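In what follows, every chain begins at residue 1, and chains take the letters A, B, ... in the order their sequences are listed. Hydrogens, waters and symmetry mates play no part in the numbers below; they use all other heavy atoms, side chains included. Quick caveat, the model's predicted, so the values are computed rather than measured.
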Amino acid sequence: QQQVKQSPQSLIVQKGGISIINCAYENTAFDYFPWYQQFPGKGPALLIAIRPDVSEKKEGRFTISFNKSAKQFSLHIMDSQPGDSATYFCAASSYNTDKLIFGTGTRLQVFP
Amino acid sequence: DVKVTQSSRYLVKRTGEKVFLECVQDMDHENMFWYRQDPGLGLRLIYFSYDVKMKEKGDIPEGYSVSREKKERFSLILESASTNQTSMYLCASSLFGIRQETQYFGPGTRLLVL
């Protein structure tokens with residue numbers, strides 16, 4: 001069963017635009033929501049993460065928005081660059097486990 | 001600098017063969033994980049281990065087994081490879097704890113079963 005639903009599956013954005021990737025979850029016990037970035041030929045790497053005590057977290061051009069009541073969170077990439085072209089995975093875990101449940105991934109392509 | 005290495009980048013095996021995928025981490029992490037990555041399905045957890053000789057099934061353990069004899073090494077075993085096990089296999093490690101530590105991934109092994 002898919003506990004974390006991610007959309008869209010693919011995204012094409014022009015350089016300088018905003019990229020938005022959305023995730024929704026069902027398990028109310030989830031309390032940690034990371035985003036991982038994967039470049040071709042590489043393993044995923046942690047990009048940014050949020051816990052539900054805040055509604056937004058920003059690191060440079062990357063922002064996570066979190067809506068606890070709607071059980072949704074999203075990644076916003078401002079001023080998207082060709083170097084941001086990668087696959088992005090949202091994930092979630094609950095407080096009593098070190099396991100992550102991953103979304104299905106979004107392939108982002110940023111064109112000059 | 002954290003490092004997770006996987007024994008092979010590409011592997012071609014025949015149906016019915018026994019396949020070993022090796023993963024080594026140099027960060028003294030307690031947790032180690034094996035995932036498979038398939039288009040449209042994301043990363044799915046096969047097995048994980050939180051200590052030497054300890055293992056727990058993930059979401060898709062059928063057809064796989066694991067071995068962790070040393071803290072730094074976690075092996076994934078396909079007892080009798082089948083074509084539906086053709087996939088990208090990713091190993092990861094993390095510190096043990098309740099704060100959901102960052103998982104560090106290796107580069108992956110792309111396995112083709114003919």
Around atom CD of A:Gln9, are there more than 12 heavy atoms of other residues, nucleotides or ligands at under 6.0 Å?
no
B:Tyr10, B:Leu112: one ILVMFWY side-chain cluster at the under-4.5 Å cut-off?
no
Between B:Trp34 and A:Ile101, is there shared hydrophobic-cluster membership here, with clusters defined by ILVMFWY side-chain heavy atoms closer than 4.5 Å?
no
Is it the backbone or the side chain of B:Asp38 that comes under 4.5 Å from a heavy atom of chain A, or both, or neither?
neither
Is there a path from B:Leu76 to B:Val24 through hydrophobic residues (I, L, V, M, F, W, Y) whose side chains come within less than 4.5 Å of each other?
no
B:Arg110 versus chain A, heavy atoms under 4.5 Å apart: side chain, backbone, both or neither?
neither
CD (B:Gln103) and CZ (A:Phe102) are apart, to the nearest 0.5 Å, by 5.5 Å
Is it true that atom CD of A:Glu59 has more than 12 heavy atoms of other residues, nucleotides or ligands lying nearer than 6.0 Å?
yes
Please rank A:Ser93, A:Pro34, A:Gly105 by heavy-atom pairs under 4.5 Å with chain B and give me the top one.
A:Ser93
Taking non-hydrogen atoms and a cut-off under 4.5 angstrom, which of residues 44-55 of chain B neighbour chain A?
B:Leu45, B:Phe48
Flag yes if B:Val66 and B:Leu90 sit in one hydrophobic cluster, no otherwise; membership is Ile, Leu, Val, Met, Phe, Trp, Tyr, and two members link when side-chain heavy atoms are under 4.5 Å apart.
no
Please determine whether residues A:Leu108 and A:Phe62 belong to a single hydrophobic cluster, defined as Ile, Leu, Val, Met, Phe, Trp and Tyr linked transitively by side-chain heavy-atom distances below 4.5 Å.
yes
Derivation and outcome, side chain to side chain contact (heavy atoms under 4.5 Å, CB included), residues A:Thr104 and B:Leu43
CA-CA 7 Å; A:Thr104 51; B:Leu43 278 68; over 6 Å; no
Please report the shortest heavy-atom distance between B:Phe33 and A:Lys99, naming the atom on each side.
CE2-CA, 4.4 Å
Please report the interatomic distance OG1(B:Thr102) to CG(A:Leu100), rounded to the nearest 0.5 Å.
9.5 Å
Which of residues 36-46 of chain A have a heavy atom under 4.5 Å from any heavy atom of chain B?
A:Tyr36, A:Gln38, A:Gly41, A:Lys42, A:Gly43, A:Pro44, A:Leu46
